[in-house]
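Worksheet for the structure shown next.
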Amino acid sequence: MDFQESYLEGATFVSTTLTDATFANSQTSSGNGTWTFALGLTESASGAYAVSYGPTSFAGSASTDVAFCPTGERPDPTTGCLTKMDGHPTVPTPGCSAAGLDACPTKVTTVVGTSGVAGAPTTHVRQPQAVAVAPNGSVFFADAANHVVVQVESGGQGVPIAGNGQSGDSGDGGPALDAELESPTGLAIASDGTTLYVSDAGSNRIRKLTRVVDTGTGTVSYTISAVAGSGEECANLQSTCGDGSDPQQAQFSEPAALWVDPVDNVYVADTEADRVRVIIAGGGVGTVQSGLSGPAGIAGDQLGQLYVSNTDAATVLRLGPNGSSTTVLGTGTAGYNGTYTADPLNPSVKDQPKLGTLAQTNRPMGLATNLANQVFVAEAGNGIVRRISTSGYLSITAGKTNSSDTATDTSTNPDGLYSNQTGFKTPVGIAVTADGQFVVTDAGYYRVRGFGPYPPS
């Protein structure tokens with residue numbers, strides 16, 4: 001196992017066998033000045049200063065088995081736990097061949113947009129909302145203030161694929177670029193990997209973009225069609241809001257987010273109607289759960305579980321059958337009270353992941369899940385993205401906090417830093433690819449940003 005010339009910030013090895021390990025020319029730093037191996041080796045630093053290590057061999061060594069890793073996850077039977085105690089894996093390279101990490105993280109880059117500068121496509125964005133990544137890697141996002149859906153080209157330019165830039169709801173049945181959109185916010189990709197669903201929040205409708213390839217030139221374009229919504233707002237929250245067999249008669253109230261399941265049922269976070277609804281692939285609209293509080297994010301995992309950002313109530317919920325729900329993040333009070341809690345062996349050090357139900361959140365919005373059924377939450381009010389493990393524990397995926405983990409820090413936002421080292425001002429949308437890449441829309445900095453893969457923690 002070779003860690004040469006790596007930067008391992010506060011790394012910990014638990015239930016891991018290391019053979020011929022070397023840390024030549026590597027560094028570590030820790031806010032409390034101590035880097036502790038579960039193998040029994042403790043190296044001390046002064047404050048947060050880095051300590052350089054020469055070659056260190058652990059040939060034939062093995063740590064004591066444990067039931068759980070520091071994150072609350074069970075250790076992998078082969079690799080054990082290879083994780084940072086504070087939950088931010090940072091093992092960049094060169095080399096990056098650490099066993100137990102399936103990928104090396106990359107630094108944050110701007111996909112499209114300019115920090116602090118709002119504008120029209122193709123090089124600027126005004127109000128980026130939901131983001132979606134197709135199986136072929138194409139990135140799409142909804143720009144509510146520009147009234148367009150944009151595809152990002154490899155050179156970093158945004159190319160509108162739907163919306164003529166005018167606010168309205170005309171154009172169904174024709175070319176998507178000739179149609180009007182009104183504050184599009186939600187975006188999701190269908191099971192075919194090319195069709196996109198858009199929640200046109202301002203017009204209270206759900207619309208579909210169908211990809212068309214010109215057989216002569218190979219040029220790609222999109223047509224637009226109506227999926228659901230009469231255009232009338234559901235003013236009576238005690239009503240069914242038009243649920244029934246005809247989706248065109250359904251009434252929505254500023255629907256903010258979408259998720260499409262493997263059989264193309266479209267789930268809608270119907271924000272101002274305080275409910276989650278489903279547009280059934282075979283026809284019809286129904287309510288999955290009502291009585292929510294401004295839901296503005298939605299996603300499902302590989303197990304068929306549905307998650308929703310209950311935004312105005314400052315919680316994230318897992319929805320169950322028959323209208324039941326379970327809180328997975330948030331106390332019901334908006335704010336930030338830390339992601340990590342005190343180490344029972346060293347109470348002055350906050351490095352143990354906190355249960356999501358004990359942590360405050362602030363305006364949770366975009367949601368995404370990965371193949372491991374972990375949930376990622378874009379917290380627009382806190383300026384961070386957090387991960388909820390399958391056992392309910394938290395870690396920070398993107399965004400900064402102060403050294404005591406009592407407040408988030410959105411003040412510095414340069415590219416070229418790792419995701420846990422740079423500020424995100426107002427993260428709204430998030431997408432995670434199968435290979436662990438992340439794309440986040442940062443509405444506060446008028447940018448779409450990318451990073452990853454992100455190693456498991």
Passes salt bridge (charged side-chain N to carboxylate O under 4.0 Å, His left out), Arg211 versus Asp192? Steps please.
CA-CA 10 Å; Arg211 187 172 182 263; Asp192 63 8; over 6 Å; no
Between the side chain of Thr422 and the main-chain N/O of Leu417, is any donor-acceptor distance below 3.5 Å?
no
Closest non-hydrogen atom pair between Asn337 and Gln360, with its separation
OD1-N, 2.8 Å
Might you point out which heavy atoms bring Val448 and Pro128 nearest each other, and give the distance in Å?
CG2-CB, 4.4 Å
Show your working on side chain to side chain contact (heavy atoms under 4.5 Å, CB included) between Ser395 and Tyr340 and close with a plain yes or no.
CA-CA 8 Å; Ser395 61; Tyr340 307 100; 3.9 Å; yes
So which heavy atom on Val377 is nearest to which on Pro364, and how close?
CG1-CB, 3.8 Å
Student check: side-chain heavy atoms of Leu181 and Asn164 closer than 4.5 Å
no
Is it possible for you to check whether Lys425 lies under 6.0 Å from the centre of the six-membered ring of Tyr445, through NZ or CZ, and within 45° of that ring's axis?
yes
Could you tell me whether the side chain of Gln129 and the main chain of Thr185 form a donor-acceptor pair under 3.5 Å?
no
Which pair of heavy atoms, one from Met365 and one from Ala380, lies closest together, and at what distance?
SD-CB, 3.7 Å
Do Val149 and Pro160 have side chains that get closer than 4.5 Å, going by heavy atoms?
no
Within the side chain of Asn310, is there an N or O that forms a donor-acceptor pair under 3.5 Å with the backbone of Val316?
no
For the residue pair Ile298 and Val268, establish whether any side-chain heavy-atom pair is separated by less than 4.5 Å.
no
Any carboxylate oxygen within less than 4.0 angstrom of a Lys/Arg side-chain nitrogen, looking at Asp143 and Arg126?
no
Is any side-chain heavy atom of Asp409 closer than 4.5 Å to one of Thr401?
no
Can you tell me how far apart CG (Leu303) and CG (Leu306) are? Round to the nearest 0.5 Å.
12.5 Å
Within the side chain of Asp264, is there an N or O that forms a donor-acceptor pair under 3.5 Å with the backbone of Ser191?
yes
Atom pair CZ/OG of Arg318 and Ser324 - distance to nearest 0.5 Å:
9.5 Å
Could you go through the salt bridge (charged side-chain N to carboxylate O under 4.0 Å, His left out) check for Asp200 and Arg205 one step at a time?
CA-CA 5 Å; Asp200 206 10; Arg205 301 168 69 210; 5.5 Å; no
Does the side chain of Val150 reach to within under 4.5 Å of the side chain of Phe140, using non-hydrogen atoms?
no
Check Glu379 with Arg386, please: is the shortest side-chain N to carboxylate O separation under 4.0 Å?
yes
Asn370 (side chain) donor-acceptor with Ala372 (main chain) under 3.5 angstrom
yes
Gly297 versus Ala269, closest heavy-atom pair with distance
N-CB, 4.2 Å
Any donor and acceptor pair, going by atom type alone, linking the side chain of Ser309 with main-chain N or O of Thr311 inside 3.5 Å?
no
In Å and rounded to the nearest 0.5 Å, what is the OG1 to CG distance from Thr339 to Asp405?
5.0 Å
First locate atom CH2 of Trp259, then atom OG1 of Thr369, and finally report the distance between them rounded to the nearest 0.5 Å.
7.5 Å
What orientation do Phe451 and Phe438 show, parallel under 30°, tilted 30 to 60°, or perpendicular over 60°?
parallel
Short question: side chain of Thr408, backbone of Asn382 - any donor-acceptor pair under 3.5 Å?
yes
So, the side chain of Thr410 versus the backbone of Phe424: is there a donor-acceptor pair under 3.5 Å, distance only?
no
Is any side-chain heavy atom of Ile396 closer than 4.5 Å to one of Val385?
no
State, with a plain yes or no, whether a side-chain heavy atom of Tyr307 is found less than 4.5 Å away from one of Ile388.
no
Are Asp415 and Arg447 within salt-bridge range, i.e. N to O under 4.0 Å?
yes
Closest non-hydrogen atom pair, Gly113 against Thr110:
O-CG2, 3.3 Å
Answer yes or no: does atom NZ of Lys208 have more than 12 heavy-atom neighbours from other residues, nucleotides or ligands under 6.0 Å?
no
How many angstroms lie between atom CZ of Arg387 and atom CG of Leu329, to the nearest 0.5 angstrom?
13.0 Å
Please step through side chain to side chain donor-acceptor pair (under 3.5 Å) for the pair Glu180 and Ser170, ending with a clear verdict.
CA-CA 5 Å; Glu180 294 176 341; Ser170 67; 3.2 Å; yes
Do any side-chain atoms of residues 274-296 form donor-acceptor pairs under 3.5 angstrom with protein atoms, and if so which ones, sequence neighbours left out?
residue, atom, partner, partner atom, Å
Asp274, OD1, Gly294, N, 2.9
Arg275, NE, Ala273, O, 3.0
Arg275, NH1, Ser239, O, 3.1
Arg275, NH2, Leu237, O, 2.7
Arg277, NE, Asp243, OD1, 3.4
Arg277, NH1, Gln251, O, 2.4
Arg277, NH1, Asp270, OD2, 3.1
Arg277, NH2, Cys241, O, 2.7
Arg277, NH2, Asp243, OD1, 2.6
Thr287, OG1, Asp243, OD2, 2.6
Gln289, NE2, Gly323, O, 3.2

Apply the test salt bridge (charged side-chain N to carboxylate O under 4.0 Å, His left out) to residues Asp169 and Arg207: give CA-CA distance (whole Å), side-chain angles for both, the deciding distance (0.1 Å), then the verdict.
CA-CA 10 Å; Asp169 63 357; Arg207 304 168 84 175; over 6 Å; no
Is any side-chain heavy atom of Phe141 closer than 4.5 Å to one of Val125?
yes
Would you compute the distance between atom CG of Leu258 and atom CD1 of Ile189 and round it to the nearest 0.5 angstrom?
12.0 Å
Sort and list the pairs that fulfil side chain to side chain donor-acceptor pair (under 3.5 Å) and have at least one residue in residues 219-235, not counting sequence neighbours.
Thr217-Thr219
Tell me, with the steps shown, if Tyr197 and Val260 meet side chain to side chain contact (heavy atoms under 4.5 Å, CB included).
CA-CA 8 Å; Tyr197 289 90; Val260 181; 3.8 Å; yes
Short side-chain to backbone donor-acceptor contact, Lys400 and Ser419, under 3.5 Å:
no
If we ignore hydrogens and angles and just use 3.5 Å, is the side chain of His147 paired with the main-chain N or O of Ser183 as donor and acceptor?
yes
